[in-house]
There are 2 protein chains.
Amino acid sequence: MKKHNFSAGPCILPQEVLKQAADAVVNFNGLNLSLIEISHRSKEFIEVMENARSLVKELLNLPEGYSVLFLQGGASLEFLMSAYNLMKVDGKAAYLDTGAWSTKALKEAKLLGDVDVIASSKETTYNYIPKNYSIPTDIDYLHFTSNNTIYGTQFKEFPKTDSLLVCDMSSDIFSRELDFTQFDLVYAGAQKNMGPAGTTLVIVKDEILGKSGRDIPSMLDYQKHLNADSMFNTPPVFPVYVSMLTLQWLKDLGGVKAIEKLNEEKAALLYAEIDRNPLFKGFAAKEDRSLMNVTFNLTDEATGEVFDKIWNAAGISGIKGHRSVGGYRASIYNAMPIESIQVLVDAMQQFEKEI
Amino acid sequence: MKKHNFSAGPCILPQEVLKQAADAVVNFNGLNLSLIEISHRSKEFIEVMENARSLVKELLNLPEGYSVLFLQGGASLEFLMSAYNLMKVDGKAAYLDTGAWSTKALKEAKLLGDVDVIASSKETTYNYIPKNYSIPTDIDYLHFTSNNTIYGTQFKEFPKTDSLLVCDMSSDIFSRELDFTQFDLVYAGAQKNMGPAGTTLVIVKDEILGKSGRDIPSMLDYQKHLNADSMFNTPPVFPVYVSMLTLQWLKDLGGVKAIEKLNEEKAALLYAEIDRNPLFKGFAAKEDRSLMNVTFNLTDEATGEVFDKIWNAAGISGIKGHRSVGGYRASIYNAMPIESIQVLVDAMQQFEKEI
């Protein structure tokens, strides 16, 4: 039976990418060797890494002076690395608190300097994106999370500051066209729109590095990774390769502009049903609704068992909401086809008939 | 043409493991979902992680009170983490310098405290393992590298200390039976005897943690990873899965005792040819020769072109020596069949006839 995988991450990847990845595990590029048993210093793997880095630059239209890294440790290690590289000794940073991931990020920064939480939507379980906050001018950087998977909220406009702007873009990078010149540092765990878990994309404006006045441990130092062309140590070969394949898939499909249009259609279809169907209510404030993670609750919790039976029977998986929000979360990342969203909408309509 | 892959790491893995891994990338456990697109919090993946952790305990015969983690960042991040967790504030650690990896390890420790290099074989390009050094008693821990891939040296006996003993076992773990009660912390990048690049095995004696007096960043804190059963953040799903398959392969084959016997036979075959064939000389001191990485040079460098043509024609790959040692390095990890070593020995003998 066909599965419709709405997991929040690790999540759906394009079927053709999965097939190519499986082939490479047995015989990579006709070498009669597996991708995962060749040296990372071989010309074949260096080509993979360089291709992946170039595809990021091309797809995001990165200007000169920005570099791309594929690291390890997930966004969780970037919470620490971003602060280590940018927070000056006795420095200060501003954080926008829009959910669990922002909270984790600022916790790590506190080990290295002062953290000013300039806005938070915690009191309403992060169901909206704060606006009209004021940004201090005496900060080393401002950090925010562009999309909040758990709550289904997304920044539509970005903070403006003369200080450095740092963005955790783990769950919506490559989903919409953005002007990257406004960012100084962007990081993203691969396991949403880019590939499998196990690698982290980092985009950094070269000129911001080397100014913190700190002795940075080697593995936490962006400059050391840049100097080594993202191979300071053995990279996570398979996750980088699958990311490269997924980026190539996105390019072939027409790039970020094309996928943004599809993502808007997909989200519109599902949000329309949530707003129409009296058995459901959306969780996130309408103006802040995410195009990637659609969160919704039952108007009557007692009906849950009936709905769960219906979507289960339809082959849907991964739509249970996070425990802090309850209800449902449909993650509809780049690789999710609109046909699967229609299956979910059909299940919601069948539920309305049955109840 | 069949390839004989002598790469130093990433390196050869069992053929059946590669096939199972490829299958799981398309359809994992008959779920009609890929291993790399399901949630790491699903019962199916939790089972993979728990199985991998148990196999490590079983295969290494770990006593009660030791825990197993699968992390990210490679041994390079462990250089930092081991020091962060064990070096006390204003503390001191002793390091045995047996090569490039030891040197990198102690460099990171220096950021956190005093480092006493109690022995080094640097002056002879690390071609032997230092002995008869004295170990200070006022240290937080002693760190050493059990096998030195670049130089082909290996500790046959381990340092004895009343302080904590820390071992980077990246390139020979699971290759020989050892009494793990002598170690307090062991770490190993997966990409030699365990799996693909992208995960790091950590074995830690629980009682040593929490005593450094430091505020440890979350991702660098072994205790936080232990509290979360090695899922503090999204783990590198594919590398952990392939490691689990490789550990299961090793168990089916008879475990570490059985592979140790095979490893001894394989190494004996190759070292015998190096010692017999007048065109070659071994690099490492005989008593310290590694069972994993066999380093050797030509007695006459000018003959290299002839030999290179012969082994290339035999389908051998990955035996060029590291630039600091020159010559050749045949890495003969657990998954290397003795038949491939015979192919190399045949090539060495054909070379003797042709020259």
Side-chain angles (χ1 to χ4, degrees), chain A residues 1-3 5 7-13 18-19 21-26 31-40 42 45 71-77 79-80 84 104 107-108 111 189 191 195-199 215 217-220 232-239 242 315 317-318 335, chain B residues 1-3 5 7-13 18-19 21-26 31-40 42 45 71-77 79-80 84 104 107-108 111 189 191 195-199 215 217-220 232-239 242 315 317-318 335:
Chain A
M1 179 185 186
K2 182 171 164 49
K3 285 291 177 70
N5 176 16
S7 288
C11 66
I12 190 166
L13 290 170
L18 296 175
K19 287 202 183 70
D23 288 348
V25 169
V26 174
L31 290 175
N32 279 334
L33 289 169
S34 167
L35 167 77
I36 60 176
E37 62 175 1
I38 62 171
S39 170
H40 60 292
S42 63
F45 185 73
L71 304 181
Q72 291 185 65
S76 295
L77 192 58
F79 300 158
L80 178 65
Y84 235 124
K104 288 182 188 201
K107 180 177 173 231
E108 301 309 312
L111 294 172
Q191 65 268 22
T199 190
D215 271 342
S218 301
M219 279 292 286
L220 306 182
F232 175 74
N233 69 331
T234 313
V237 166
F238 182 81
V242 182
S317 76
Chain B
M1 179 185 186
K2 180 168 167 51
K3 285 288 179 69
N5 177 16
S7 287
C11 67
I12 190 168
L13 290 170
L18 297 174
K19 289 203 181 72
D23 288 348
V25 169
V26 173
L31 291 174
N32 280 332
L33 288 168
S34 167
L35 167 78
I36 60 176
E37 63 176 1
I38 62 170
S39 170
H40 60 292
S42 64
F45 185 73
L71 304 180
Q72 292 186 64
S76 295
L77 192 58
F79 300 159
L80 179 65
Y84 235 124
K104 288 183 189 200
K107 180 176 173 230
E108 301 309 313
L111 294 172
Q191 65 269 20
T199 191
D215 271 342
S218 301
M219 280 292 287
L220 305 183
F232 176 75
N233 69 331
T234 313
V237 167
F238 182 81
V242 182
S317 76

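Protein chains get the first letters and strands the later ones, always in sequence-line order, with residue 1 at the start of each.
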Handout entry: Side-chain H-bond candidate by donor/acceptor type, Ser218(B) with Glu108(A), under 3.5 Å
Key = yes

Practice task
Check each atom of Ser317(B) against the heavy atoms of chain A and say whether the ones under 4.5 Å are side chain, backbone, both or neither.
Solution key: side chain

Exercise for the section: Would you give the length of the straight line joining atom CG of Leu18(B) to atom CG of Leu35(A), rounded to the nearest 0.5 angstrom? Expected result: 10.0 Å

Handout entry: Which atom of Val25(A) lies closest to which atom of Ala22(B), heavy atoms considered
Key = CG1-N, 3.9 Å

Practice task
Mind listing the closest non-hydrogen atom pair of Asn233(A) and Ser76(B) along with its distance?
Solution key: CB-OG, 3.3 Å

Exercise for the section: Return the option, out of Pro217(A), Pro239(A), Ala335(A), Pro236(A), with the maximum number of heavy-atom pairs under 4.5 Å with chain B. Expected result: Pro217(A)

Practice task
Between chain A and each of Ile38(B), Val237(B), Asp215(B), Val26(B), count heavy-atom pairs under 4.5 Å; write down the option with the most.
Solution key: Ile38(B)

Exercise for the section: Could you tell me which portion of Leu220(B) (side chain, backbone, both or neither) has an atom closer than 4.5 angstrom to a non-hydrogen atom of chain A? Expected result: side chain

Exercise for the section: Looking only at non-hydrogen atoms, find the nearest pair between Leu31(A) and Lys3(B) and report the distance. Expected result: O-NZ, 3.2 Å

Practice task
Specify the closest pair of heavy atoms between His40(B) and Pro10(A), including all atoms of both residues, with the distance to one decimal.
Solution key: ND1-CD, 3.3 Å

Handout entry: Where Ala197(B) and Pro235(A) come nearest, the two heavy atoms and their spacing
Key = CB-O, 3.3 Å

Practice task
With the side chain counted from C-beta on, respond yes when Phe238(B) and Ile36(A) share a heavy-atom pair under 4.5 Å apart, and no when they do not.
Solution key: yes

Problem - Donor-acceptor under 3.5 Å (Asn5(A) side chain, Glu37(B) main chain) - result: yes

Practice task
Could you tell me which portion of Leu80(B) (side chain, backbone, both or neither) has an atom closer than 4.5 angstrom to a non-hydrogen atom of chain A?
Solution key: side chain

Handout entry: Toward chain B, the part of Leu13(A) with a non-hydrogen atom under 4.5 Å
Key = both

Handout entry: Met1(B) to Asn32(A) - nearest heavy-atom pair and separation
Key = O-ND2, 3.1 Å

Fill in the blank from the handout: Residue from Thr199(A), Leu77(A), Asp23(A) scoring the most non-hydrogen pairs under 4.5 Å with chain B is Leu77(A)

Practice task
Among Ala8(B), Gly73(B), Gly74(B), single out the residue with the greatest number of heavy-atom pairs under 4.5 Å to chain A.
Solution key: Gly73(B)

